[in-house]
Each structure stands twice: as structure tokens, then as C-alpha cells.
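A short worksheet on the structure shown next.
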Amino acid sequence: MKNQTTWILLMVLTIGAFFLSKQFNFVYLILGLFTAKFLFVAFQFMELKKAHTFWKFIISFIVILVNFIILIALH
Amino acid sequence: MEENKLGYKNIYYPPGGILLLIIILLELITFGLTLVAMVIISKSNVELFHTSKMMLNTTLGSINTIVLLTSGFLMAQSTHYFKLKNFDKSSFYLKLVLLTGTLFCIIKSYEFYHKSIAGITLEYNTFFTFYWLLTGFHFVHVLVGLVILFIMLLSMKKNSSAVKEEDFEASSAFWHMCDLIWLILFPVIYLIF
């Protein structure tokens, strides 16, 4: 995926999340969208997609774990 | 360069360098745990956190997300052209990163200013203590990132070929860290109730 495609996707997700949060309060969906955006930035812009599997795993693990704990804490 | 010979697939040479990546991971854990603490504390005073969140400007926050993500894209482009030794394009994109980064700081300062003149400071309530600490620390990271990138731009103006690829990549990784931190802060502080 190219940087330009990722940027367009990130803009769509950001605007989508903004309107979604105004209409409803889908906590799962909003956190899911931001986790996806986080991974796009880390893998594409930071080029972690080229890194060793360990680094890909650890960064994905941290963001998923944080959001998972937040979801559990919210309920 | 040793890094290029070994390649990014080597566990010791991730993009941006192993030390910076460890710092990024530690920063993410620190901000993440503080957010978890905030959510846990919010359970004991749901009403206060809800009304406090209603006082935040989600439109400005979303605009800032767009600005910061755009700066991340421009930084990725700058790094891409730097690696291709196209220093003119790389420094052009770097200038745009500095511009968007400054725009982020201006919008954030405007938000901070309006909160403080309304008397919503660090001691206002528990939610705003977290709000000021988390967004304030993130703001400091953005400022440090801007200084690093400005120094990088000056070095490129002096002698582009003397700037090491590892140094440029590390500065780029630091800037992306600001994006990553914001992407975990923004939904929890501004969007979800």
C-alpha cells in the first residue's frame, strides 16, 4: 500500500469516527477504528511492515491490549 | 551503513533504530496505562466525567487529528525521498511537516487558552487533571519533535549528503510517535462516553 492511499484511508476513518461519535456512542467501533488507524501509521508511515516480526507483534500487542483493558474497564 | 547491509528484518535494526523504538514502546505503555487509570477512576464518578467530556471541543480535536495524521503522511514522504537521495523533495516535505506540526500546536494552544480563561485548569476536577496531564505531555512531545525536525532541516540546508539516513529515520520515527500517542489519547479523552 502506498503512503497516499494510507493517508486517504486515515482521513476517511477520522471523519467517519467524528460523525459516528456525534450520532451514536459505539465504543467498540470507535476504539476499533482508532486501533486500525494506529496500525496504519505504525506499519505504513513508520515502515514497521519491513521490520522483524517481533517489532510488528509487540507494537500491535500494546495497542490492542490497552484498548482491550479500556473496554473491559468501561463495562 | 551497517543497518542497510543487515536490513530491517534483523531484530536489532528496526526502522528508526532499536533504542528509539524501545522509547516509543515505553511511551505508549506509559500513556496507555494512564488512560486505563483514567477510565477506571471514571467508573466511580460517571456523571462528573460525562459532563466534563461534554465541555471538550470534539470538532477542534478531530481537526487536530487530521492535521497530525497529515503531518505523519508528509513525514513518511520526506523520509521516502531522503532515502532516494532526492534532497530537494525531502526538504520540501519536511517544511510542510513543520508547518502542519506548528498548526497542530496553534490549534491546541487555542484550546488550552480557552480552557484556562474559563477557569478549567488542572485542579478543576479529576477528569481535567487527566486531560491537562495527558494532552499537555503530548503537546510537549510535539514541540520536541518540531525542534528535532527543524534541526534536521537546518543540517540538510548546510549539507544534505552529510545527514545520516539513520538520524533522519530516527527523527521521523519520533514524529510518528506523536501521531501514535495522539491516536490512543484522542478517542478515550474526547469521543467515548
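Lettering of chains follows the sequences in order, A, B, ..., and the numbering in each one begins at 1. Only this structure's heavy atoms are used, side chains among them; waters, hydrogens and symmetry mates stay out.
Annotation for B/Tyr124: atom OH does not count as buried by contact number, only 12 or fewer foreign heavy atoms lying within 6.0 Å. Residue B/Phe112 places its CZ atom among more than 12 non-hydrogen atoms of other residues, nucleotides or ligands, all under 6.0 Å distant. In this structure, B/Phe137 places its CZ atom where only 12 or fewer heavy-atom neighbours from other residues, nucleotides or ligands lie under 6.0 Å away.
Options B/Val36, B/Leu35, B/Val46 differ in how many heavy-atom pairs under 4.5 Å they form with chain A, and the most are formed by B/Val36. When B/Leu69, B/Thr65, B/Ile24, B/Ile18 are compared by the number of non-hydrogen pairs under 4.5 Å with chain A, B/Leu69 comes out ahead. Interface check for chain A: of the options B/Ser62, B/Gly61, B/Gly16, the most heavy-atom pairs under 4.5 Å are formed by B/Ser62. With respect to chain A, the highest number of heavy-atom pairs below 4.5 Å among B/Leu183, B/Val39, B/Leu180 belongs to B/Leu180.
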Handout entry: Derivation and outcome, side-chain contact (heavy atoms from CB on, under 4.5 Å), residues A/Thr6 and B/Phe73
Key = CA-CA 8 Å; A/Thr6 310; B/Phe73 160 68; over 6 Å; no
Exercise for the section: Could you check B/Leu25 against A/Trp55 for side-chain contact (heavy atoms from CB on, under 4.5 Å), going step by step and ending with a plain yes or no? Expected result: CA-CA 10 Å; B/Leu25 294 176; A/Trp55 297 111; 3.8 Å; yes
Handout entry: Audit row: B/Thr79, A/Phe45, side-chain contact (heavy atoms from CB on, under 4.5 Å) steps and yes/no
Key = CA-CA 9 Å; B/Thr79 313; A/Phe45 292 169; over 6 Å; no
Exercise for the section: Starting from the C-alpha separation in whole Å, work towards a yes-or-no answer on side-chain contact (heavy atoms from CB on, under 4.5 Å) for B/Leu191 and A/Leu31. Expected result: CA-CA 9 Å; B/Leu191 297 182; A/Leu31 284 183; over 6 Å; no
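In this structure, the portion of B/Phe186 lying under 4.5 Å from any heavy atom of chain A is its side chain and not its backbone. Looking at A/Met11, the atoms closer than 4.5 Å to chain B (heavy atoms on both sides) all sit in the side chain, from C-beta outward. Residue contact with chain B, scored on non-hydrogen atoms closer than 4.5 Å, involves the backbone and the side chain of A/Ile70 alike. Contact annotation for B/Ser172: neither backbone nor side-chain heavy atoms come within less than 4.5 Å of a heavy atom of chain A. Of the two parts of A/Ile15, only the side chain, counted from C-beta on, holds a non-hydrogen atom closer than 4.5 Å to a non-hydrogen atom of chain B.
The CG atom of A/Leu29 sits 12.0 Å away from atom CD1 of B/Ile192, with the distance rounded to the nearest 0.5 Å. One distance of note links CG of B/Leu26 with CD1 of A/Ile62; it measures 8.0 Å at 0.5 Å rounding. Interatomic distance, A/Ile69 CD1 to B/Ile40 CD1, rounded to the nearest 0.5 Å: 8.0 Å. Going from atom CG of B/Leu33 over to atom CG of A/Leu65 covers 8.5 Å, rounded to the nearest 0.5 Å.
Cluster annotation: A/Leu33 and A/Phe68 are assigned to distinct hydrophobic clusters (Ile/Leu/Val/Met/Phe/Trp/Tyr, side-chain heavy-atom contacts under 4.5 Å, transitive). No continuous path of ILVMFWY side-chain contacts below 4.5 Å connects B/Ile106 to B/Val142, so the two sit in separate hydrophobic clusters. When the side chains of ILVMFWY residues are joined at heavy-atom separations under 4.5 Å, either directly or via intervening members, B/Leu143 and B/Tyr113 end up in two distinct hydrophobic clusters. No path of Ile, Leu, Val, Met, Phe, Trp and Tyr side chains, each step under 4.5 Å between heavy atoms, connects B/Ile29 with A/Ile72, placing them in separate hydrophobic clusters. B/Val147 and B/Val140 fall into different hydrophobic clusters, where Ile, Leu, Val, Met, Phe, Trp and Tyr residues are linked whenever their side-chain heavy atoms come under 4.5 Å apart, directly or through other members.
Side-chain N or O atoms of B/Lys43 include one that pairs as donor or acceptor with a backbone N or O of A/Leu74 at under 3.5 Å.
With contacts defined as side-chain heavy-atom distances shorter than 4.5 Å, the pair B/Leu28/A/Phe38 qualifies. B/Ile184 is not listed as a side-chain neighbour of A/Phe34, based on a closest heavy-atom distance of 4.5 Å or more. Looking only at side-chain heavy atoms (C-beta outward), A/Met46 and B/Asp179 stay at 4.5 Å or farther from each other. The shortest distance between side-chain heavy atoms of B/Gln77 and A/Gln4 falls below 4.5 Å. Annotation: side chain of A/Leu48 is in contact with side chain of B/Pro15 (closest heavy-atom distance under 4.5 Å).
The nearest pair of heavy atoms linking B/Glu169 to A/Glu47 is OE2-OE1, 3.9 Å.
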